[in-house]
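Here's the structure, in C-alpha cells; my notes come after.
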Amino acid sequence: MSDAAVAVDRATGAAAPPRDGSWLVASIALRNLGRNRRRTWLTAGAIGFTIALLAFMRGVQLGSYDTMIDSATALLSGHVQIQRAGYLDDPHIRQTVPNSAALVERVRGVAGVHAATERVMAFVLVSAGEKSFAGQLMGIDVVHEATVSSLTRMIVDGRYLDANANTVEAFLGVALARNLGVAVGDEIVLLGTDATGGVAALAATIVGVFASGQTEIDRGLIELPIAAVREAFALGDESHAIVVRASATSSAAIAASVRGVVTEGEAVLEWQQLVPEVEQAIQLDWMGGQLLFALVALIVTFSIVNTFIMVVFERTREFGVMLAIGTRPRAIIGMLHLEAFWMSLLGVAGGLAVSLPILAGVAVIGIPMGDAGELLAAMFMPDRMYAQISAQVFVPPVVIMLIAAQISAVIPAWRVRRIQPVEALRAT
C-alpha cells in the first residue's frame, strides 16, 4: 500500500483515510469509535434508549387502537356490516337486504370471518302501563348474536333471550327499564310501522336487563328474537344488517372479501363508517403521539450533535495532519458520517434488544389500568392495554435515529472545511 493510501498521525495514532480506499475509511471510522469508548457507549446508549422508548410508545399506542376498535365494535356494530345501499343515512324499514339467510351463510364461509349474524331494526314506541318512550327495536338471531356482540354478557338482572322460548321475550337497557318502571317478568307493548305502511304491534315479556355504559343504548335499545320481529313488521327472509365479527387488523381485508359475495345494491361498511367517533378519537390521539414522538427524537438528535461537535474539537490536530498529507476534507467528513453510522447501529442493536422482549410481554400480559373503569368504558377500552408487535412499531424509530445520526454528523462536519492545517497542527 502506498504512502498516499494511508497515513498515521504520530501524535494521536490516528490513521488518515486513503483518497481512494472507501473500505479502509470504513474500517478506520469503526476503529475510531474505540478511542473514546465512554463517549461512544453513552451516545449509542442514548440512541438505543430512544429507539426502545419510541418503539414502546408506538407499540402500546397501536395496540391500544386495536383494543379500542375491537371493544367498540364488539358492543353492537361489528367490524363489518352488509346493508342496503343508503340504509346507514336513511334507516327506513323497507331498506332491507333480501335472501338474508343464504347471504349470511356465504359470509360465514369467507376466510378470516370469526362470526356473522342477521339483524332487523325498527323504531318503536315502547309502553308499560301509562308510560311510553321511544326506542329502537332490534330483532336478533339469539343463537349467533352472542358471537358478535358483547351486549349479551352485560346483564344486570335476569338472563339473556332463550332461542327455544314459547313466548316473545325482551332484553332491554337498564335506563329504559327504569324510565318505564318495569323489571324482569313485566310485559311491554311495542308499536311501530311495518314494511307495508301498516301498524305493527308486539307484546313481549322482559327476561333480562343490560347495562352497556353507553347512555343512548341503555335508554333506547330493546332486543327481541328475529322471527317475532319479522312476523310483526311484515318482513320475510330479509334483514337490515348482516353484522360481521373479524379483528381490527384484518377488517379491511375482510371487507374486501365480503364485497365479493354481495349483490348489486348492497353496501359493505367498515368500522370507520359504523363507529366514526372511534376513528376520530384514534386520529386525535395519533397526532398527539406523533408530536411527542418527534420531540423525543429531536432531543436525542441534539445530544448526538453535541457529541460530534466535541469530536471535531478534540480531534482538530488529527484532522490537521490528515489535511496536511493531502487528505481531502470530504474524505474526513465521510469518515465522520461512517462513525455516526456505526455508532447508530450499536444503538439500534441495543434498542431492539431491550424493546423486543418488553413489548412481547406487554402484548401477552397487558398493562393494568387500575380503577379508571368508567373512563375506559366510555372510550371503548378494557381494563388492560396491550401492545402491538409489527414492523410499523420498530421501523420508524430505527430509521429516524439513523437519519438523526447522519444529520448530527453534518453540522459539525462543516467545521472541518474551515480547518487550516498549519493552525490545526499547533492545537493541543
Side-chain angles (χ1 to χ4, degrees), residues 52-81 112-117 145-155 210-218 243-256 258 269-293 296 355-397:
L53 178 62
L54 295 180
F56 180 80
M57 289 168 52
R58 201 175 182 88
V60 172
Q61 189 178 31
L62 293 177
S64 69
Y65 296 160
D66 292 344
T67 303
M68 186 184 300
I69 293 167
D70 286 337
S71 299
T73 56
L75 187 61
L76 281 176
S77 69
H79 292 96
V80 178
Q81 280 192 22
V113 171
H114 298 167
T117 190
E145 182 68 19
T147 63
V148 301
S149 174
S150 60
L151 196 65
T152 61
R153 300 183 291 277
M154 298 179 178
I155 302 171
F210 66 81
S212 68
Q214 305 298 312
T215 304
E216 291 184 2
I217 295 175
D218 289 346
V243 183
V244 180
R245 185 76 180 154
S247 68
T249 54
S250 66
S251 61
I254 297 300
V258 169
L269 308 178
E270 298 182 43
W271 65 267
Q272 292 93 332
Q273 298 162 282
L274 300 170
V275 280
E277 64 275 12
V278 175
E279 184 183 26
Q280 293 168 5
I282 288 174
Q283 290 176 346
L284 182 62
D285 184 78
W286 176 255
M287 291 174 62
Q290 290 298 96
L291 181 61
L292 182 60
F293 194 93
V296 172
S355 59
L356 270 170
I358 294 176
L359 282 174
V362 175
V364 175
I365 301 172
I367 302 175
M369 299 307 293
D371 299 326
E374 292 185 5
L375 177 61
L376 292 172
M379 297 175 62
F380 303 104
M381 297 290 290
D383 59 355
R384 283 179 178 266
M385 293 182 65
Y386 296 88
Q388 182 188 108
I389 298 180
S390 65
Q392 191 178 1
V393 171
F394 296 103
V395 172

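In this structure a side-chain-to-backbone donor-acceptor pair under 3.5 Å is present from Ser64 to Gln61. The backbone N or O of Thr67 lies less than 3.5 Å from a partner atom in the side chain of Ser71, making a donor-acceptor pair. A donor-acceptor pair is defined here as one N or O able to donate and one able to accept, closer than 3.5 Å; no such pair exists between the side chain of His79 and the backbone of Arg245. Counting only distance, with no hydrogens or angles, the side chain of Glu279 and the backbone of Pro276 share no donor-acceptor pair below 3.5 Å. Remark: side-chain polar atoms of Asp70 are paired, donor with acceptor, to backbone N or O of Ala248 under 3.5 angstrom.
Glu216 CD: 12 or fewer foreign heavy atoms inside a 6.0 Å radius.
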Notebook entry, point to check: Are Ser247 and Ser250 close enough, and set up right, to give a side chain to side chain donor-acceptor pair (under 3.5 Å), and what steps lead you there?
Noted result: CA-CA 5 Å; Ser247 68; Ser250 66; 2.6 Å; yes
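Scanning all heavy atoms of the two residues, the minimum distance from Gly78 to Trp271 falls at O-CB, 4.4 Å. Across every non-hydrogen atom of Ala55 and Val393, the tightest pair is O-CG1, 3.2 Å. For Val275 against Ser77, the heavy-atom pair with the smallest separation is CG1-OG, 3.9 Å.
In this structure, the separation between CG on Asp285 and OH on Tyr65 is 3.5 Å, given to the nearest 0.5 Å.
The side chain to side chain contact (heavy atoms under 4.5 Å, CB included) test with Leu76 is passed by exactly one of Leu274, Val148, Val243, Leu151: Leu151.
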